[in-house]
There are 2 protein chains.
Amino acid sequence: MATDLRMAIEVTEEACSPSLLEAPLGPDRADELARGFQALADPVRLRILSILAAAATGAACVCDLVGPLGRSQPTVSHHLKTLADAGLVHGTRRGKWVWYSLDRRRVAELQSALEI
Amino acid sequence: MATDLRMAIEVTEEACSPSLLEAPLGPDRADELARGFQALADPVRLRILSILAAAATGAACVCDLVGPLGRSQPTVSHHLKTLADAGLVHGTRRGKWVWYSLDRRRVAELQSALEI
DNA sequence: GGCTACTATCGACGTCGGTCGATGTATCGA
DNA sequence: TCGATACATCGACCGACGTCGATAGTAGCC
């Protein structure tokens, strides 16, 4: 949690190897990655990411997710918090609504971790 | 169209778009994918995959994993079963040992699911 | 058969996580 | 100011999961 990966925008390509299947992968980096994949380890959260990715405006508010997901509003908010903590989505308040958008860079980072 | 390189190899009955961030992603496929990512949502299992990927012979037995992982033999076996159930590794008995190897196609399948 | 080594399974424990109803907070409009 | 809407947080329930010691199963060796 102390190492905010989003802050590494300026530092384009980190020195360490992003692909985890190349090097022995130490416990610290394994923990960090596991947290990322854990955010993906739920069907509701995967569908949230899918909806956000397919959204025309690139964002969606909570009220637009409750119906399609078939979960209560607190549950959807809970999952959005999990995704936000993992850096996969970001929410910004616009009036009464909070618009959530996908962080494609963070998704790509996890994807590159599975590079072979 | 440029993202179908790996999936073109194994065209099973699910001919839908492999990238989950393109289509709305139904509940069934979300469940299937979540099971895959759940197998990756543990640091010990990620390190197991890393060790297998880095192994010179492409495989490793349980006794070779217990030491580096710092977990008991039952715990390592438990994680290997989880990975095997998710299709990420395969084990074959050779004498007293069971050699586990990485299923790179399955890893690539999960990776392509994060394609943007 | 008896012994040893390697692996899988079992049982138990504590923790974590998904879910919901109830409640709190923020914003807008009348 | 009051009510309505949108979202977050809380508390509780309950099943799932990581972990280990103990035990069972499997294979080679004497």
Side-chain angles (χ1 to χ4, degrees), chain A residues 1 27-28 30-52 55 57 59-86 88-101, chain B residues 25 27-28 30-52 55 57 59-86 88-101:
Chain A
M1 213 41 165
D28 298 340
D31 278 26
E32 198 277 330
L33 273 173
R35 277 192 294 270
F37 286 120
Q38 189 152 10
L40 299 175
D42 183 272
V44 174
R45 289 195 289 269
L46 286 179
R47 294 172 65 195
I48 289 177
L49 296 181
S50 168
I51 292 175
L52 293 181
T57 64
C61 58
V62 183
C63 57
D64 289 336
L65 298 171
V66 171
L69 294 175
R71 294 295 187 280
S72 70
Q73 176 266 318
T75 297
V76 174
S77 273
H78 167 70
H79 284 303
L80 283 168
K81 176 171 171 50
T82 299
L83 289 171
D85 288 343
L88 288 164
V89 303
H90 300 288
T92 58
R93 179 149 219 131
R94 261 188 262 174
K96 290 190 291 185
W97 299 272
V98 176
W99 290 83
Y100 282 92
S101 59
Chain B
L25 184 59
D28 298 341
D31 278 26
E32 198 277 330
L33 273 173
R35 277 192 293 270
F37 286 120
Q38 188 153 8
L40 300 174
D42 183 272
V44 173
R45 289 195 289 268
L46 286 179
R47 293 171 66 194
I48 289 176
L49 296 181
S50 168
I51 292 174
L52 293 181
T57 64
C61 58
V62 183
C63 59
D64 289 335
L65 297 172
V66 171
L69 294 175
R71 294 295 187 280
S72 71
Q73 177 267 317
T75 296
V76 174
S77 273
H78 167 69
H79 284 303
L80 283 169
K81 175 170 172 51
T82 299
L83 288 171
D85 289 343
L88 288 164
V89 303
H90 299 286
T92 58
R93 178 146 220 134
R94 262 188 261 173
K96 291 189 293 184
W97 299 271
V98 176
W99 290 83
Y100 283 92
S101 59

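Computed from a predicted model, the values in this text were never measured in an experiment. We name chains A, B, ... by the order of the sequence lines, and we start the count at 1 in each one. We use all heavy atoms of the structure for the numbers below, so side chains are in, but hydrogens, waters and symmetry mates are not.
- Shortest non-hydrogen contact noted between A:S50 and B:L25 is OG-CB, 3.2 Å.
- Remark: B:T82 engages no residue in a side-chain hydrogen bond (donor to acceptor under 3.5 Å, both in side chains) (not counting sequence neighbours).
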Show me the side-chain donor-acceptor pairs of residues 67-74 of chain A shorter than 3.5 Å, one per line, residues at least two apart or across chains.
{"unit_1": "A:R71", "atom_1": "NH1", "unit_2": "A:L69", "atom_2": "O", "d": "3.4"}
{"unit_1": "A:S72", "atom_1": "OG", "unit_2": "A:T75", "atom_2": "N", "d": "3.3"}
{"unit_1": "A:S72", "atom_1": "OG", "unit_2": "A:T75", "atom_2": "OG1", "d": "2.9"}
{"unit_1": "A:Q73", "atom_1": "NE2", "unit_2": "A:S77", "atom_2": "OG", "d": "3.3"}

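- At a non-hydrogen distance threshold of 4.0 Å, A:R71, A:S72, A:P74, A:T75, A:H78, A:H79 from residues 71-79 of chain A come into contact with DNA chain C.
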Whether each nucleotide of nucleotides 25-30 of chain D has a protein heavy atom under 4.0 Å at its base (B), only at its sugar-phosphate (S) or at neither (-) is summarised, 5' to 3', as --SS--

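- Judged as a side-chain hydrogen bond (donor to acceptor under 3.5 Å, both in side chains), not a single pair has a partner in residues 91-100 of chain A (not counting sequence neighbours).
- Remark: B:H78 engages no residue in a side-chain hydrogen bond (donor to acceptor under 3.5 Å, both in side chains) (not counting sequence neighbours).
- Applying the side-chain contact (heavy atoms from CB on, under 4.5 Å) test to A:P43 and every residue at least two apart in sequence or in another chain returns B:A30, B:D31, B:A34.
- For the residue pair A:A59 and A:A55, the shortest heavy atom distance occurs at O-CB, 3.6 Å.
- Whole-Å rounding puts the A:L65 CG to D:dA8 P distance at 10 Å.
- Shown here are the side-chain hydrogen bond (donor to acceptor under 3.5 Å, both in side chains) partners of A:R45, two or more places apart in sequence or in another chain: A:H79.
- Note: CG (A:D85) to P (D:dA8) measures 12 Å, nearest angstrom.
- Applying the salt bridge (charged side-chain N to carboxylate O under 4.0 Å, His left out) test to every pair with at least one member in residues 76-85 of chain B, sequence neighbours left out, gives these pairs: B:K81-B:D85.
- For residues 35-44 of chain B, the set of pairs meeting the side-chain hydrogen bond (donor to acceptor under 3.5 Å, both in side chains) definition, not counting sequence neighbours, is empty.
- On the nucleic acid side, DNA chain C contacts chain A at distances under 4.0 Å to non-hydrogen atoms, with the end points of that region at C:dG17 to C:dC28.
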